[in-house]
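Single-structure report; data block below.
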Amino acid sequence: MLGSIDVDPASSPEANRDVQATTFYTKTDDGLKHDWPGRVWLNPPYGGLSGPFAARLLQQLAAGHTTAAILLVNANSTDAAWFQPLWDFLLCFTDHRINFIAGGQEESGSTHGSAFVYFGPDRSAFLKQFSAFGAIVERAR
């Protein structure tokens, strides 16, 4: 969807084997302290950090550092204050639960759905590629 990924601000060496970002930041690096130039993949860590990472992504987009991004968040967060600005972008709410990999082993116990949020110029490509994963929605204007 993004062509390639320039930055993954919340990652690990294991995750980057799949993501293949040119630059990635680990928990030790603290991706919130860096700029995110170019195309960004962001799956923020849980535990209260989704809000700060989503806010930083919006700031990086507004500053022109980030040119396109996909954000993956917990779909149960739609009522959170940090989620409210995301309604202004295309969202894909998954029609299934995503299994995440932790510590090198696949985790299959996800207890909630997920939402992909697209920030970029190619809306039609996002619609085409992500409609296979669930419903695409956007705020009515």
*Ala80 backbone acceptor or donor facing Gln84 side chain under 3.5 Å*: yes
* Asked: Judged by atom type as modelled, is there a donor-acceptor pair below 3.5 Å linking the side chain of Ser11 to the main-chain atoms of Asp8?
  -> no
Exercise. Do you see a donor-acceptor pair shorter than 3.5 Å between the side chains of Asp122 and Ser124?
Worked result: yes
Please tell me whether Met1 and Phe24 are part of a single hydrophobic cluster in this structure, the criterion being side-chain heavy atoms less than 4.5 Å apart. no
The remaining residues in the hydrophobic cluster of Leu42, counting side-chain heavy-atom contacts under 4.5 Å among Ile, Leu, Val, Met, Phe, Trp and Tyr, are Val7, Tyr25, Leu32, Trp36, Val40, Leu49, Phe53, Leu57, Leu58, Leu61, Leu71, Val73, Trp82, Phe83, Leu86, Trp87, Phe89, Leu91, Phe93, Val117, Phe119, Val137
- Message: I want to check something: taking the side chain as every heavy atom from C-beta on, are Arg39 and Asp6 in contact at a cut-off of under 4.5 Å?
- Response: yes
Here the salt bridge (charged side-chain N to carboxylate O under 4.0 Å, His left out) pairs for residues 58-79, sequence neighbours left out, are none
**Asked** Side chain of Asn16, backbone of Ala21: donor and acceptor closer than 3.5 Å?
**Response** yes
Residues passing the side chain to side chain contact (heavy atoms under 4.5 Å, CB included) test with Ser12, sequence neighbours excluded, are Glu14, Ala15
Note to self: Measuring only between side-chain heavy atoms, which start at C-beta, is Phe126 closer than 4.5 Å to Cys92?
What the structure shows: yes
Answer yes or no: is there a donor N or O on one side and an acceptor on the other, between the side chain of Thr94 and the main chain of Ser114, under 3.5 Å?
yes
Start with the C-alpha distance between Ile70 and Phe130, add both sets of side-chain angles, then the distance that settles side-chain contact (heavy atoms from CB on, under 4.5 Å), and finish with yes or no.
CA-CA 11 Å; Ile70 297 176; Phe130 278 76; 3.8 Å; yes
Do the non-hydrogen side-chain atoms of Thr66 and Pro37 ever get within less than 4.5 Å of each other? no
The complete set of salt bridge (charged side-chain N to carboxylate O under 4.0 Å, His left out) pairs with one or both residues in residues 59-74, sequence neighbours excluded, reads none
Applied to residues 125-141, the side-chain hydrogen bond (donor to acceptor under 3.5 Å, both in side chains) test, sequence neighbours excluded, yields Asp88-Arg139, Arg123-Glu138
Contacts satisfying side-chain hydrogen bond (donor to acceptor under 3.5 Å, both in side chains) that involve residues 49-60 (not counting sequence neighbours) are Asp35-Arg56, Asp35-Gln60, Arg56-Gln59
